[in-house]
Amino acid sequence: MKLFQTADYDSMSRKAADFIAAQIILKPDCVLGLATGSTPIGTYQNLIDLYISDHLDFSRVKTVNLDEYRGLSGDDVNSYHYYMKENLFQFININPDNTYIPDGTDPEPEEMCARYDRIISRLGGIDLQILGIGRNGHIGFNEPGDVFHVNTHCVDLARRTIRDNRRFFPCEADVPRQAYTMGMGAIMNAKKILLLASGKEKAPALHKAFCQPVSPRVPASILQLHPDVTVIADFKACEELAPFLKN
Ligand code: GLP
């Protein structure tokens with residue numbers, strides 16, 4: 001794992017956007033794996049700025065999102081479809097036909113999940129997967145458990161995740177209890193992975209992910225087995241990454 005420490009959230013966001021921009025410049029028709037949550041919002045804002053200042057062209061870029069809440073339609077302000085439109089897609093020249101997000105309302109979820117994996121395969125896999133990290137070490141919505149799930153699947157959200165994401169909803173009862181998430185297969189098959197983290201509340205999760213043995217109890221720990229992982233995190237999130245800070 002390669003670690004870039006930054007002073008704060010804003011510099012993390014700028015560096016992450018530059019990293020993603022380099023990928024798009026090197027391969028204009030690349031497949032980006034996209035994340036949601038509060039962490040990448042600043043990164044997306046910087047990508048929008050690069051597009052507006054004519055430094056970046058998304059016309060051939062394809063995107064696959066990590067996850068979506070079960071039961072939320074694309075019009076729902078809390079859906080990840082809505083999030084992507086509001087925080088990135090509507091401001092750049094990406095072709096909506098080239099953007100993929102699991103469908104939270106599909107009446108046949110198993111078929112939807114299998115189809116999602118087929119889409120990712122048909123695109124040739126992911127060139128650069130962007131990840132945030134949950135405080136319990138989840139990536140996408142791959143929650144702590146007994147096994148790593150390979151394929152796109154439906155998950156019961158962990159209590160802690162429901163509590164953490166409550167801030168986006170009117171009240172805790174409104175937070176969906178289930179979600180669809182890309183599995184570890186597509187994430188680990190990505191050619192490159194970029195994980196972003198900001199704030200001291202993410203420090204224990206980063207420690208468990210990178211300084212302790214690989215375990216499905218800490219889903220992000222599987223990234224130790226990936227050959228090309230870059231972490232861009234601010235100082236506060238890096239507080240417990242001692243082995244990497246020495247180098
Ligand atoms: C959410 C998303 C994840 C995200 C994580 C952290 O539940 N499913 O993809 O990385 O939780 O979110 P945040 O960046 O808001 O801390």
Side-chain angles (χ1 to χ4, degrees), residues 6 8-10 12-13 16-17 20 32-46 63-72 76-84 86-88 100-104 113 116 126 128-145 149 152-169 172 174-184 186-188 190 193-210 218-223 229-234 236-238:
T6 65
D8 53 22
Y9 178 82
D10 288 344
M12 176 204 77
S13 301
I20 297 163
L32 297 180
L34 298 182
T36 51
S38 46
T39 308
I41 289 178
T43 302
Y44 294 149
Q45 188 54 57
N46 277 276
T63 63
V64 285
N65 263 77
L66 281 166
D67 45 19
E68 178 59 285
Y69 287 113
R70 182 170 189 175
L72 298 196
D76 192 305
V77 293
N78 285 304
S79 72
Y80 288 159
H81 279 76
Y82 194 88
Y83 169 107
M84 289 312 305
E86 286 294 301
N87 289 300
L88 183 63
Y100 301 90
I101 305 176
D103 180 354
C113 289
Y116 202 65
I126 297 164
L128 172 61
Q129 176 65 55
I130 298 146
L131 294 174
I133 185 167
R135 286 202 298 161
N136 64 1
H138 75 221
I139 47 176
F141 269 134
N142 289 278
E143 295 282 32
H149 289 275
T152 299
H153 59 288
C154 182
V155 283
D156 293 328
L157 297 179
R159 274 221 183 122
R160 182 156 194 188
T161 302
I162 292 168
R163 268 203 318 268
D164 286 349
N165 288 356
R166 182 248 169 277
R167 67 190 192 277
F168 299 112
F169 292 81
E172 193 168 315
D174 291 329
V175 184
R177 269 36 186 176
Q178 290 186 311
Y180 299 110
T181 184
M182 200 187 274
M184 294 303 194
I187 294 173
M188 290 299 282
I193 291 180
L194 172 62
L195 187 143
L196 309 177
S198 169
K200 68 174 181 339
E201 68 277 12
K202 294 296 173 72
L206 282 186
H207 173 81
K208 286 186 211 142
F210 293 104
V218 184
S221 66
I222 199 172
L223 300 175
V229 175
T230 300
V231 174
I232 303 180
D234 62 20
K236 287 183 176 159
C238 292

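Numbering of ligands and ligand atoms starts at 1, following listing order.
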Quick one: table the atom pairs, ligand 1 N or O against protein N or O, below 3.5 Å, distance rounded to 0.1 Å.
unit_1   : atom_1 : unit_2 : atom_2 : d
ligand 1 : 7 (O)  : Asn165 : ND2    : 2.9
ligand 1 : 8 (N)  : Asp67  : OD2    : 2.9
ligand 1 : 8 (N)  : Gly140 : O      : 3.2
ligand 1 : 11 (O) : His138 : NE2    : 3.0
ligand 1 : 14 (O) : Ser38  : N      : 3.3
ligand 1 : 14 (O) : Thr39  : N      : 3.0
ligand 1 : 14 (O) : Thr39  : OG1    : 2.5
ligand 1 : 15 (O) : Ser38  : N      : 2.8
ligand 1 : 15 (O) : Ser38  : OG     : 2.7
ligand 1 : 15 (O) : Arg167 : NH2    : 2.8
ligand 1 : 16 (O) : Lys202 : NZ     : 2.6

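Scored by the side-chain contact (heavy atoms from CB on, under 4.5 Å) test, Cys238 finds Leu3, Gln5, Ala233, Leu241, Leu245 as partners (sequence neighbours excluded). Scanning for side-chain hydrogen bond (donor to acceptor under 3.5 Å, both in side chains) contacts around Thr43 gives an empty result, with sequence neighbours left out. Take Asp103 and apply the salt bridge (charged side-chain N to carboxylate O under 4.0 Å, His left out) test, not counting sequence neighbours, and it matches no residue.
For the atom pair CD1 of Ile162 and CG of Asp156, the computed distance is 8.5 Å after rounding to the nearest 0.5 Å. Residue Thr181 holds its OG1 atom at 6.0 Å from NE2 of His153, rounded to the nearest 0.5 Å.
Relative orientation of the Tyr69 and Phe169 rings is perpendicular, given thresholds of 30° and 60° on the angle between their planes.
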